[in-house]
Amino acid sequence: MENVIEFHNVSKKFASFEIDQLNLKVKKGYITGFIGTNGAGKSTIIKMIMNILQPDTGDVHVFGLQQPQAEKVIKSRLGFVYDQNIFYPWLNLQEIQKMIAPTYPTWDQATFLHYVEQFELPMKKAIKHFSKGMQTKASLAIALSHHAELLIMDEPTAGLDPAFRMELMAIFQQVMVEEGRSIFFSTHTTSDLERYADYIVVLDQGKILLHAPTDEILQNYVVVKGSNTLLDRDTKAHFIHIIQETHTFRALASCKREIADIFGEHVVMENISLDELIFYLKAAQRQ
Amino acid sequence: MEIIISNSSKEPIYEQIYKQIQAKILTGELTEGTPLPSIRQLAKDLHISVITTKRAYEELEKAGFIYLIVGKGSFVAEQNMSVIREKKLRVIEEQLQDVIANSKEIGLPYEELQALLKLLYEE
């Protein structure tokens, strides 16, 4: 299957944080959710995709083209929605559109006006007076108006109310109806991803801990609860991470069926949420 | 095409889609050659991921309920109703054997079992 983003052995060192030999392949035509705790390195990776940061070693490819050489072509084909206002705050949408439109050969004025209307955005109000949700919508309207094949978003739903988040997810799905489009976005609101995202990437301390289809994760990973007496060296090997209390344990396992075969009725198995998954994977990683 | 997905159901979403489309084909609501919505359109309409929808379509294709024409989409396949009936009958037979075994365990006479079945069937 074709990949829209590829990282090959990418390393980037900071004073307190490091990405070491990271490999990542994001599939074309799907929504991929990028999750992990604060400081996991999500924004760093997104910045490298956008060529805002450059890796020390290794290659970054977008649409099969290499950064930074192909930056101009890549930028014209993708839309970037950042968690901060990237526009000149004192300008209004009309002025911004006049400035941005000529820079995209594929700019579609009709589509832009359509989204401005759908998102109920005022054309003549300075961006600095927009709410957070309106700013996100404005970025999105611009990204969608040059027919971006790939939308990259760094926490587009951060600080937004639930109703707006649901609206945004519906817009993403509308975007995805067109064959060949891809969305890659980081978020802390994992409940949005459980339904809509095709793939999940879990990042911690600059390392990818898991990259799999959402369906597969939610069907196979389980939280297991039981008595400490069930744990010995053999049974422990079936868990990714175990938390023991005085008499009982709870643990993460990656194969529901295997656990059911081994422990049967002696344990309680619960479907996992992505939040719990991050928690357990992170704990296992730190051990 | 009406499909309703329950988020609180224990049944995986792809299975819910599979079963509902299968039922529509078996009851004749969807006839041979009827085009199904595209995977992406259905994903959007049901507010679920593309992969989930794709999986349901793939399973339906494997089971012979639909076929795919690249570039055109998915269509309802011709159904051999006598084969499907045959399969269903075999399943019913197996289930009845379980019922009989259970009845014998508690010494339930045939007449009583028959009366119970009649009552439930006509409910």
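Every chain is numbered from 1 and lettered A, B, ... according to where its sequence line falls, protein lines coming before strand lines. Keep in mind it's a predicted model, so treat the numbers as computed, not measured.
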Colleague: Nearest 0.5 Å please: distance from the CD atom of A:Glu216 over to the CD1 atom of B:Ile51.
Modeller: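 The CD atom of A:Glu216 sits 8.0 Å away from the CD1 atom of B:Ile51.
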Colleague: What part of A:Asp215 gets within 4.5 angstrom of chain B, counting heavy atoms only: side chain, backbone, both, or neither?
Modeller: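 For A:Asp215, side-chain heavy atoms alone lie under 4.5 Å from chain B.
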Colleague: With a 4.5 angstrom heavy-atom cut-off, which part of B:Leu46 approaches chain A: side chain, backbone, both or neither?
Modeller: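 Contact with chain A involves the backbone of B:Leu46 alone.
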Colleague: Give a yes or no answer on whether the side chain of B:Arg40 reaches the backbone of A:Glu179 with a donor-acceptor pair at less than 3.5 Å.
Modeller: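 Here the side-chain-to-backbone pair does not exist.
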Colleague: Kindly give the heavy-atom pair with the smallest separation between B:His47 and A:Ala170, and that separation in Å.
Modeller: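 In this case the closest contact between B:His47 and A:Ala170 is CE1-CB, 4.4 Å.
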Colleague: Is it true that atom CD of A:Gln109 has more than 12 heavy atoms of other residues, nucleotides or ligands lying nearer than 6.0 Å?
Modeller: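 More than 12 within 6.0 Å, yes.
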Colleague: Is atom CG of B:Leu89 surrounded by more than 12 heavy atoms (other residues, nucleotides or ligands) closer than 6.0 Å?
Modeller: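 Check passes, neighbour count above 12.
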Colleague: Looking only at non-hydrogen atoms, find the nearest pair between A:Val177 and B:Lys44 and report the distance.
Modeller: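 Scanning both residues, the minimum pair turns out to be CG2-CD, 3.4 Å.
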Colleague: Please classify the contact of A:Gln219 with chain B as side chain, backbone, both or neither, using a heavy-atom distance under 4.5 Å.
Modeller: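 Side chain of A:Gln219 only, per the 4.5 Å heavy-atom cut-off to chain B.
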Colleague: Step through the shown structure and confirm whether more than 12 heavy atoms of other residues, nucleotides or ligands are within 6.0 Å of NZ on A:Lys256.
Modeller: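 Enclosed: over 12 neighbouring heavy atoms sit under 6.0 Å from NZ of A:Lys256.
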Colleague: Using a 6.0 Å cut-off, check whether atom CD of B:Glu61 has over 12 heavy atoms from anything other than its own residue.
Modeller: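 It does: B:Glu61 CD has more than 12 such atoms within range.
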Colleague: Mind checking the OG-CE spacing from B:Ser49 to A:Met176? Nearest 0.5 Å is all I need.
Modeller: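 Between B:Ser49 OG and A:Met176 CE, I get 10.0 Å after rounding to 0.5 Å.
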Colleague: Looking only at non-hydrogen atoms, find the nearest pair between A:Tyr30 and B:Lys54 and report the distance.
Modeller: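 Taking every non-hydrogen atom into account, OH-NZ, 2.6 Å.
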Colleague: Any chance CD of B:Glu122 has more than 12 other-residue heavy atoms, nucleotides or ligands included, within less than 6.0 Å?
Modeller: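 Yes, enclosed.
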